[in-house]
Amino acid sequence: MRLKAVGDRAVLAELGDSISESINRKVMELNEKVRSTSREGILETVPAFASLLVYYDPLVIDFDEVSQFLINICKTSGESKKETGTLVRIPVCYGGIHGKDLSFVAEHSGLKEEEVIEIHSGRDYRIYMLGFLPGFPYLGGMDERIITPRLSLPRTKIPAGSVGIGGEQTGIYPMESPGGWQLIGRTPLRLFDPQMGEKGRYQAGDSIRFVPISQKEFDEISQTPEMRW
Amino acid sequence: MGLEMIQPGALSTIQDLGREGYQSQGFQKSGACDKYSMKLSNLLAGNFDENCKEAVVEFTLRGGEIRFTSPEVFSLTGADMRPLLNGEPIPMYAPVCAQEGDVLTLSLAPTGLRTYLAVHGGISVPAVMGSRSTNLKCRLGGFKGRALKQGDCLPTGKTTEQVKVFVEIVKGREDKFALGEDKSFLRRPSTPSRYYGLHGYVLLRVVEGPQAEAFTEEGLKTFLRNPYQLSMSCDRMACKLEGPLIGLKEGADIISDGIVEGSIQISASGLPMVMMADHQATGGYAKIGTVISTDIPSLAQLRPGEWVTFQFITPKEAVGIYRKEDKKLKDFRKRLMDVMDE
C-alpha cells in the first residue's frame with residue numbers, strides 16, 4: 001500500500017497500478033475497514049479501481065496520523081467479513097427505441113442482435129467504482145466478442161437508464177446526460193433519486209446482472225420506477 | 001417571508017459547505033467556492049454555529065437586485081459589488097438590518113469574482129442529502145436545483161419575531177460596523193488571507209502529488225517557475241489555466257482515482273486545471289499537486305486573465321496553515337459574540 005498526501009484533507013491509499021478484480025477487492029476490503037472503524041476526524045471515502053481516497057478533518061487529525069491509522073487497520077486483517085458485494089439485477093429492454101445502436105453493435109461484431117443480447121446479459125459485471133456522474137458504474141469483464149468503438153460524434157442527450165457499450169466497457173447512464181457510448185438498451189428502473197436522500201441501488205464492489213425484458217414489462221415497471229426489482 | 005429575487009444577477013446559487021458522504025456514489029460535493037468568505041458572512045449575520053454552515057447566496061461577478069419581504073439582518077462578504085440598500089451605500093463585512101420592502105442592489109464587481117450574502121437564520125431551502133448546496137449538473141439541492149431566477153422567493157430560517165430581537169441587538173452596535181474610514185476593529189482582520197509570490201502574482205500553495213512522479217524534472221520546474229493565467233473556461237467545476245506546458249514522462253492518463261477540491265490535473269496538452277467546488281468525484285488525469293484549502297478562496301476570487309504562481313509545501317505545513325486560519329475565524333467569532341453580548 002502506497003500512501004500519498006492529497007492536499008491538507010485527504011490521503012490516497014494506492015493498492016496497485018492496474019485494473020484487476022483482485023486489486024479492486026483489496027480496495028473494497030480497506031474501504032470496509034475504514035468505514036467500520038470509527039476514528040474521529042475520518043470523514044469520507046471514495047473507492048476507485050486501484051485506490052481509496054480517505055478524507056479527513058485537518059482540525060482533528062493530520063496526514064501522518066491518518067497514514068498510521070490506515071497502516072494499523074491493514075494489519076487487523078483476517079477477521080473482517082469477506083464481503084463479496086451483492087448481485088444487483090437490472091431489467092433491460094434491448095434494442096428498438098431503447099437501444100438504437102444494437103443493430104450496429106451486432107453488425108460490427110458479426111453477430112445477430114439476439115446473440116449480442118444473450119452475450120451481454122449472460123454474465124455478471126463487477127462494479128469497480130462509481131464516478132463521472134452520480135451512480136455511473138465502471139463495470140469490468142465484458143465479453144470481447146461485443147467490443148464496439150464509441151460513437152465518433154457523442155450524443156448531446158441520452159435518456160436516463162440507457163445501457164451502452166463504449167469500447168471494451170459497458171455501463172448505464174443513471175441520469176440524462178451527453179455521452180458517446182453505443183446504446184443497446186434501457187432500464188425502466190430509476191437508478192438514483194437524489195431527492196430521496198437514499199443510497200443508490202448499487203455500490204462499488206457490487207455486481208450487476210442485466211436481465212432482458214420485453215417492451216410490455218418495460219412499460220409495467222415504468223409505472224413504479226422506484227421499485228426494488 | 002424572506003428574499004425575493006427581482007433581478008438574479010449573472011450566476012447566483014444557494015450554497016453551504018457542501019454535500020458530504022456521497023462522493024463514493026459519484027456525487028459532486030459542491031458548496032461555496034470561497035468558503036472563508038461564506039463562513040464570515042454567516043458569522044456577521046449572527047449565525048454563530050461553530051461550523052458556520054448555514055446556507056448563503058453565492059453571487060458571481062454581478063449580483064442583481066433583491067427585495068426583503070420581511071425584516072432581516074444580513075451581511076455581504078467576498079467581492080465588493082458596491083452594495084446599495086434602497087439606493088444608499090452599505091458596508092461589506094458588517095451586519096446590516098433590512099426592513100420589509102427594502103431593496104438590495106449588487107452591481108458588477110470591479111475586482112474579485114464572488115460575493116456571499118448571509119441572512120440571520122440562513123437560507124432555509126430544504127436540505128437534500130444533508131446539504132442545501134445547489135448541484136447545477138445534477139439539478140439537485142439549493143432552490144429547485146438550479147441557479148436563481150427572477151421572481152424566486154427564498155425562505156429564511158428564523159421567524160420575524162426572532163429576527164426582530166436580533167435587529168435590536170445589531171441596531172445598538174451599528175457604529176462598530178459603520179461604513180467609511182476603517183474605524184471598526186471588526187472589519188479588516190476578517191478578510192481572507194492572500195499571499196503573493198513570483199512577480200507579485202497571487203500565490204497558491206500546493207502539496208505535491210499524488211502523481212507528481214508522472215512528470216519530468218523539467219515539467220516540475222516549469223510548473224513552479226512560471227506564472228499561469230486563468231483562461232476563459234473557469235467555472236464552479238474547474239479553473240483551466242494557460243502558460244508553459246508541463247512535461248509528462250509518459251502520458252496524462254492514469255487509472256481513475258478520487259479527486260478533491262484543489263486537485264491540479266494536467267491534461268494531455270500539458271496545461272493545469274484546478275478543481276473547484278463542483279468537481280467530479282473521480283478523475284483520470286495525472287495530478288501534479290493539490291492547492292491547499294486555505295488558498296482556494298484566493299483562487300475563487302480571481303477572474304479570467306488574472307495570474308497565479310505555485311509553490312510546494314509539505315502536508316504538515318498545509319494542515320498547520322489551515323488550523324491557523326480556522327483559529328482566526330474562531331477568534332473573530334468570539335469577538336463578534338462578545339460585542340453582541342455587551
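Everything numeric here is computed off the predicted structure, so don't read it as measured data. Reminder, nothing fancy here: chain letters follow the sequence lines and each chain counts from 1. The figures that follow rest on heavy atoms only: side chains count, while hydrogens, waters and symmetry mates do not.
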Let me know if [X] has heavy atoms under 4.5 Å from chain B in its side chain, its backbone, both or neither.
X	value
A:Val27	neither
A:Leu3	neither
A:Leu130	both
A:Ala10	side chain
A:Tyr128	neither
A:Leu12	side chain

Please classify the contact of [X] with chain A as side chain, backbone, both or neither, using a heavy-atom distance under 4.5 Å.
X	value
B:Lys316	side chain
B:Glu317	neither
B:Gln280	side chain
B:Asp257	both

- prompt: Relative to chain A, which of B:Thr282, B:Asn135, B:Thr314 shows the most heavy atom pairs under 4.5 Å?
  reply: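 The option with the most such pairs is B:Thr282.
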- prompt: Given the options B:Ile259, B:Ile321, B:Ile254, which has more heavy-atom pairs under 4.5 Å with chain A than any of the others?
  reply: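 Option with the top pair count is B:Ile259.
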- request: Applying side chain to side chain contact (heavy atoms under 4.5 Å, CB included) between B:Leu204 and each of B:Asp295, B:Thr309, B:Thr294, report the one that passes.
  value: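 Output: one option passes, namely B:Asp295.
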field: Closest approach of B:Gln301 to B:Ser37 (non-hydrogen atoms, all atoms of both residues)
entry: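 Nearest heavy atoms, B:Gln301 then B:Ser37: NE2-OG, 4.2 Å.
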- prompt: In terms of the angle between their ring planes, are A:His120 and A:Phe210 parallel, tilted or perpendicular, with boundaries placed at 30° and 60°?
  reply: parallel
message: Given 3.5 Å as the limit, does a donor-acceptor pair link the side chain of A:Glu44 with the main chain of B:Tyr22, or not?
response: yes
- prompt: For A:Asp57, does its backbone N or O pair with a side-chain atom of B:Tyr322 as donor and acceptor, under 3.5 Å?
  reply: no
- prompt: For residues A:Glu14 and A:Ser51, is any side-chain donor paired with an opposing acceptor at under 3.5 Å?
  reply: no
field: Check: A:Arg9/B:Ser293 side-chain N/O donor and acceptor closer than 3.5 Å
entry: yes
- request: Output the option from A:Val6, A:Asp64, A:Leu52 having the highest count of non-hydrogen pairs under 4.5 Å with chain B.
  value: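 Answer, by heavy-atom pair count under 4.5 Å with chain B: A:Val6.
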query: Do the ring centers of A:Phe136 and A:Trp181 come within less than 6.0 Å of each other?
result: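 Yes, close enough.
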field: Lys/Arg-Asp/Glu bridge criterion (N-O < 4.0 Å) met for B:Lys29, B:Glu261
entry: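 Looking at B:Glu261 together with B:Lys29, the answer is no, because their closest N to O distance does not fall below 4.0 Å.
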